[in-house]
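Keep in mind that the numbers below use all heavy atoms, side chains included, and drop hydrogens, waters and symmetry copies.
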Amino acid sequence: MFYDMNKIIADELALSNHMLSEIQGQTDIPRGMSLYGNATTSGLSYHLRYLENGVRKSKNLGDDTSPDVIKIKQLFYNKELASRLEHNMKLLMRVDGRFLQYDSDHIDAALGTSYRDNTGMVNKNPGFMSSDEWLKQQYSSTLPTAEKTHITADGKTARSKSELVIHNILTQLGIPFKNDVDINLRTETGEKVYKNADFVMPGKHGEYIILEHFGMLDSEDYLLRAIHKIRIYGLNGYTLNDRLFISMDGFNGSLNAQALRDMIEKLILPKVMV
């Protein structure tokens, strides 16, 4: 998968700067201050050690729930966070704007006219597995076979009529795909989440192309889950009509197979490694 590393670095620098500004003044630990926890039968009892007029003193602060204990822990956490942010920023600033993109467009632009391929016969992705190799990778659907009661044109099972129709269209167009795949994603806070993707296809640059089909949009709960799913995809770089494509039933439950085929053939097929 190709990433715009210069943009990623710039975004990371901007985020780090923002976080540092947010905790500015909240990382100042007085000289000689330290926190000690002593084990007791009911948990930890904390003592603060500090310097006052050059004399070392100690003060009992209480247990984990003590506001003073929490305040001191927050100071030390902020200080460690700031230290890591500043360290990373120094590293990133050295390479900011210097990363050489290695997708085919950038490589072609760097080559002389005589070396550029206009026939499509030069393998622009020598480091990536073929679509056949990708399909042969072992994976299992995240949904039980018992839920898949419809039979596709090639004898596979599908859990809904919309899945059956899309399966048949992808197969007819020769697009390699896997369905019901857990995609590893992250939330705004960096927490890992797994979203069940309806149809996953290998992109020409090693990335995933995803097609999500939504039905039952008359159900408010289903609609809210769909919106949340799209939002998480967006946070992870799955831009609509670029790496993420969406289709849906009509509110009366109708399905337009012709419109589905047109979308897949004209928008998705050109992006997929076949």
Undergrad: NE2 of His106 to CG of Leu111: how many Å apart, nearest 0.5 Å?
TA: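 His106 atom NE2 to Leu111 atom CG measures 13.0 Å (nearest 0.5 Å).
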Undergrad: Can you check whether Pro270's main-chain N or O pairs, donor with acceptor, with Lys204's side chain at less than 3.5 Å?
TA: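 Yes, the answer is positive, given that a donor and an acceptor are paired below the 3.5 Å cut-off.
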Undergrad: Measure the shortest side-chain to side-chain distance between Lys192 and Asn184 over non-hydrogen atoms and say whether it is less than 4.5 angstrom.
TA: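 Yes, at least one pair of side-chain atoms sits under 4.5 Å.
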Undergrad: Report the C-alpha separation of Val274 and Ser131 in whole Å, then their side-chain angles, then the decisive distance to 0.1 Å, and conclude whether the side-chain contact (heavy atoms from CB on, under 4.5 Å) test is met.
TA: CA-CA 6 Å; Val274 293; Ser131 57; 5.6 Å; no
Undergrad: Taking the side chain as every heavy atom from C-beta outward, state whether Lys271 and Phe245 have any atom pair closer than 4.5 Å.
TA: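 Yes. Closest side-chain heavy atoms under 4.5 Å.
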Undergrad: Let me check something: do Ile107 and Tyr115 share a hydrophobic cluster, defined by ILVMFWY side-chain heavy atoms less than 4.5 Å apart, either directly or through other members?
TA: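 Yes; tracing contacts between hydrophobic side chains, which count when under 4.5 Å, links both residues.
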Undergrad: Would you say that more than 12 heavy atoms from the other residues, nucleotides or ligands in this model lie under 6.0 Å from the NZ of Lys156, or not?
TA: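 It does not: Lys156 NZ has 12 such atoms or fewer within range.
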Undergrad: Check for me, please, whether Val181 and Leu170 land in the same ILVMFWY cluster - side-chain distances under 4.5 Å, paths through other members count.
TA: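 No, separate clusters.
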Undergrad: Got a second to check how far Leu267's CG is from Asp242's CG, nearest 0.5 Å?
TA: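 The CG atom of Leu267 sits 11.0 Å away from the CG atom of Asp242.
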Undergrad: Measuring from Glu212:CD to Tyr238:OH, what's the distance to the nearest 0.5 Å?
TA: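 Reported to 0.5 Å precision, the distance equals 10.5 Å.
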Undergrad: What closest approach, in Å, do Ser58 and His47 show between heavy atoms, and which atom pair accounts for it?
TA: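 Of all heavy-atom pairs spanning Ser58 and His47, the closest is OG-CB, 4.0 Å.
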Undergrad: Run the salt-bridge test on Lys7 and Asp11 with the 4.0 Å N-O cut-off and return the result as yes or no.
TA: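 Yes, this pair counts.
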Undergrad: State whether the number of non-hydrogen atoms from other residues, nucleotides or ligands found under 6.0 Å of Lys73 atom NZ is greater than 12.
TA: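 Above 12, so yes.
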Undergrad: Hey, what else clusters with Met33 if you join Ile, Leu, Val, Met, Phe, Trp, Tyr whenever side-chain heavy atoms sit under 4.5 Å?
TA: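 Grouped by the 4.5 Å side-chain rule, Ile29, Leu35, Leu44, Tyr46, Leu48, Tyr50, Leu61, Val69, Ile72, Leu75, Phe76 form the rest of the cluster around Met33.
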Undergrad: Enter the distance from Arg225:CZ to Phe214:CZ here, rounded to the nearest 0.5 Å.
TA: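 The CZ atom of Arg225 sits 10.5 Å away from the CZ atom of Phe214.
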Undergrad: Starting from Ile23, can I reach Ile70 by hopping between I/L/V/M/F/W/Y residues whose side chains sit under 4.5 Å apart?
TA: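 Ile70 does not cluster with Ile23.
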Undergrad: Kindly check if the number of other-residue, nucleotide or ligand heavy atoms within 6.0 Å of OH (Tyr77) is above 12?
TA: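 Atom OH in Tyr77 is not packed in, count stays at 12 or less.
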Undergrad: Taking all heavy atoms of Asn6 and all of Arg98, pick out the closest pair and write down the distance.
TA: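 Scanning both residues, the minimum pair turns out to be OD1-N, 3.6 Å.
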Undergrad: What's the spacing between Asn78 CG and Gln24 CD if we round to 0.5 Å?
TA: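 One finds 12.5 Å between CG of Asn78 and CD of Gln24.
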Undergrad: Keeping Arg116 on the side-chain end and Asp108 on the backbone end, is there a donor-acceptor pair under 3.5 Å?
TA: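 Judged by distance alone, yes, a pair lies under 3.5 Å.
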Undergrad: List the residues meeting ring pair (Phe, Tyr, Trp, His ring centres under 6.0 Å) with Phe199, not counting sequence neighbours, and say none if there are none.
TA: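 Expected list: Phe177.
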Undergrad: Side-chain heavy atoms under 4.5 angstrom apart, residues restricted to Ile, Leu, Val, Met, Phe, Trp, Tyr: same cluster for Tyr233 and Leu211?
TA: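 Each belongs to a different hydrophobic cluster.
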Undergrad: Could you identify which residues cluster with Leu51, counting Ile, Leu, Val, Met, Phe, Trp and Tyr as linked when any side-chain heavy atoms lie under 4.5 Å apart, either directly or through a chain of such contacts?
TA: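 Via sub-4.5 Å side-chain contacts, Leu51 links to none.
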Undergrad: Show, in sequence, the C-alpha distance, side-chain angles and deciding distance for Lys79 and Ser83, and conclude whether the side-chain contact (heavy atoms from CB on, under 4.5 Å) test is met.
TA: CA-CA 6 Å; Lys79 185 174 178 63; Ser83 174; 5.8 Å; no
Undergrad: Going through the distances and angles, do Thr152 and Asp154 end up as a side-chain hydrogen bond (donor to acceptor under 3.5 Å, both in side chains)?
TA: CA-CA 5 Å; Thr152 65; Asp154 58 353; 2.5 Å; yes
Undergrad: Side-chain atoms of residues 89-97: list all donor-acceptor pairs with protein atoms under 3.5 Å, sequence neighbours left out, distances to 0.1 Å.
TA:
none

Undergrad: Tell me, please, which residues at least two apart from Arg186 pass side chain to side chain donor-acceptor pair (under 3.5 Å).
TA: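 Per chain and number, Arg186 pairs via side chain to side chain donor-acceptor pair (under 3.5 Å) with no residue.
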Undergrad: Leu13, Leu20: one ILVMFWY side-chain cluster at the under-4.5 Å cut-off?
TA: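 Same cluster.
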Undergrad: Determine, step by step, whether Leu269 and Ile264 satisfy the side-chain contact (heavy atoms from CB on, under 4.5 Å) criterion, reporting the C-alpha distance in whole Å, the side-chain angles of both residues, the deciding distance to 0.1 Å, and the verdict.
TA: CA-CA 6 Å; Leu269 182 58; Ile264 293 170; 5.6 Å; no
Undergrad: Please check this pair: side chain of Asn53 against backbone of Val55, looking for a donor-acceptor N/O pair closer than 3.5 Å.
TA: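 No, the answer is negative, given that no donor and acceptor are paired below the 3.5 Å cut-off.
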Undergrad: Given side-chain hydrogen bond (donor to acceptor under 3.5 Å, both in side chains), test Ser66 with Asp68 step by step and report yes or no.
TA: CA-CA 5 Å; Ser66 162; Asp68 287 336; 4.8 Å; no
Undergrad: How close do Leu164 and Ile151 get, heavy atom to heavy atom, and via which atoms?
TA: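 Looking at all heavy atoms of both residues, the closest pair is CD1-O, 3.1 Å.
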Undergrad: If you measure from the Lys or Arg side-chain nitrogens to the Asp or Glu carboxylate oxygens, is any gap between Glu207 and Arg243 under 4.0 Å?
TA: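 Arg243 and Glu207: not salt-bridged.
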Undergrad: Atom CG in Asn179, atom NE2 in His167: separation rounded to 0.5 Å?
TA: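 Those atoms lie 7.5 Å apart.
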Undergrad: Looking at every heavy atom in both Ala153 and Asn168, which two are closest together, and how far apart are they?
TA: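 Closest pair (atom of Ala153, atom of Asn168, distance): N-OD1, 2.9 Å.
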Undergrad: Please tabulate, for the side chains in residues 247-263, all donor-acceptor contacts under 3.5 angstrom to protein atoms that are two or more places apart in sequence or on a different chain.
TA:
residue, atom, partner, partner atom, Å
Ser247, OG, His213, ND1, 2.7
Asp249, OD1, His213, NE2, 2.7
Asn252, OD1, Ser254, N, 3.1
Asn252, OD1, Ser254, OG, 2.8
Asn256, OD1, Gln258, N, 3.1
Asn256, OD1, Ala259, N, 2.9
Arg261, NH1, Gln172, OE1, 3.1

